[in-house]
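Computed from a predicted model, the values in this text were never measured in an experiment. Residue numbers run from 1 in the order of the sequence given. Whatever order the structure lists them in is the order used to number ligands and atoms, beginning at 1.
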Amino acid sequence: MSDHLSDSFFTPVSGFELPRFAGISTFMRLPYVPPGAPRFDEVGIGLVGAPWDSGTTNRPGPRHGPRQLRDASTMIRAEHPVSGIRPFERVNCADLGDVGPNPASIRDSLDRMTAFYAGLREAGIRPLTGGGDHLCSLPILRGISDAPLGMIHFDSHTDLYHSYFGGEMYTHGTPFRRAIEEELLDPKRIVQIGIRGTMYDREDIDFAESAGVRIIRIEEFFDRGVADVMGEAREIVGTAPLYVSYDIDFVDPTFAPGTGTPEVGGPNSFQALEVCRHLADLDIRGADLVEVSPPFDPSGATAFLGASIMFELLCAMVTSPS
Ligand code: MN
Ligand code: MN
């Protein structure tokens, strides 16, 4: 899917031509190409909004994330400042629109989203999703995984709990427990980075240890530094296909207050970007940035950081061998 830019159709609108405050917001000012639209079959990487937060167990709001991320992403330009990568010249990228949730039914939403992402897999499109809460990752994985994937997961939380509220299996605290049970992910090729905060109990940690999931707590992250930690993460996932999932609450709430379950003592906004710069050349089959919650983000700073992280993830995805 790489190196096949055909013409200017897939080029974002330049801020030199139309000021960035003008025009209709799409992700990174890309063309809007929903499934079935002309040239949909030429898309290599699809940016998708998942405006759904029915898995949220505490403070809601990420259903408003995609719209705010699109607005913030109009600040993004064409070239990565460090690597020099110009992602939109390497792979045809487009905004595929929103994957339609049903806020009255978790199961129906999961099914709709799974079908949407399965369609992207059939079309050979790799998704970069803006959430939505972290339960969104489960139907994405159901749609795109045809064999257990590895995963690099940035988060304050493991999201590996068995269930909430007396047996409810589908929340934003449980997606990766389900994904491992359903063999969408290979637990021995999962690394979770940034884990911290008070806990209900150790049930998720015990599960991770028994399944072989590698947890790099925030203390270890700061002791070793970004390059060392990400070097280990790359060894864990190896050269086989993987997914990258990025919960904005990985970042310290000083820099990303607009999220439902903040945890203090986290990475700064530079480190939030820096970790993504170590994802180059991995076989990334999809990625997401979740848990941006505009009701808790009155300055818009969290959404702008989220959009900036999405650009970093995109720059990694265009170097992927597949
Ligand atoms: Mn999460
Ligand atoms: Mn989290």
Side-chain angles (χ1 to χ4, degrees), residues 50-63 65-66 69 106 110 113 128-141 151-164 168-180 184-185 187 190-205 207-208 213-218 221 233 243-269 271-272 275-276 286-297 302-303 305-306 309-310 313:
W52 185 54
D53 61 10
S54 296
T56 300
T57 56
N58 188 3
R59 307 191 302 170
R63 68 180 59 183
L69 286 166
I106 288 177
L110 291 171
M113 293 173 66
L128 171 57
T129 302
D133 73 28
H134 223 151
L135 184 55
C136 292
S137 301
L138 179 62
I140 296 170
L141 290 167
M151 182 171 70
I152 297 177
H153 173 200
F154 303 102
D155 204 321
S156 288
H157 315 99
T158 66
D159 298 345
L160 284 173
Y161 277 104
H162 177 268
S163 57
Y164 279 61
E168 179 50 57
M169 307 285 275
Y170 298 105
T171 79
H172 68 161
T174 63
F176 302 121
R177 184 73 160 259
R178 298 291 91 76
I180 291 169
L184 308 173
L185 294 173
I190 296 175
V191 54
Q192 302 186 307
I193 302 169
I195 306 304
R196 61 186 186 272
T198 56
M199 301 154 73
Y200 293 115
D201 55 40
R202 301 191 67 85
E203 195 264 342
D204 59 331
I205 304 292
F207 170 79
V213 174
R214 170 73 165 116
I215 291 176
I216 299 178
R217 293 185 49 83
I218 198 66
F221 177 85
Y243 190 73
V244 178
S245 192
Y246 200 127
D247 186 326
I248 195 72
D249 73 31
F250 168 71
V251 188
D252 191 273
T254 300
F255 304 93
T259 194
T261 316
E263 303 291 353
V264 298
N268 63 29
S269 60
Q271 293 160 326
V275 292
C276 300
D288 62 45
L289 182 282
V290 297
E291 299 284 359
V292 169
S293 182
F296 295 100
D297 189 32
T302 311
L305 178 59
I309 291 166
M310 289 182 74
L313 295 172

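- For the pair Arg177 and Phe207, the cation-pi criterion (under 6.0 Å, within 45° of the ring axis) is fulfilled.
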Item to check | From CA spacing to verdict: side-chain hydrogen bond (donor to acceptor under 3.5 Å, both in side chains), Asp249, His157 | outcome: CA-CA 8 Å; Asp249 73 31; His157 315 99; 3.1 Å; yes
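- For a distance bound of 2.8 Å, the N, O or S atoms of Asp159 include one lying that close to the Mn ion (ligand 1).
- Between the side chain of Asp297 and the backbone N or O of Ala303 there is at least one donor-acceptor pair closer than 3.5 Å.
- Among the atoms of His134, an N, O or S atom falls under 2.8 Å of the Mn ion (ligand 1).
- Side-chain contact of Asp288 with Ser137: a donor-acceptor pair under 3.5 Å is present, judged by distance alone.
- Within the model, atoms CD of Glu263 and CG of Asp155 stand 9.5 Å from one another, a figure rounded to the nearest 0.5 Å.
- Restricting Asp247 to its N, O or S atoms, the one at the least distance from the Mn ion (ligand 1) is OD2.
- Atom OD2 is the N/O/S atom of Asp155 found closest to the Mn ion (ligand 1).
- Remark: at the Mn ion (ligand 2), atom ND1 from His157 and atom OD1 from Asp249 enclose 100°, rounded to the nearest 10 degrees.
- Residue contacts to the Mn ion (ligand 1): Glu291 brings no N, O or S atom closer than 2.8 Å.
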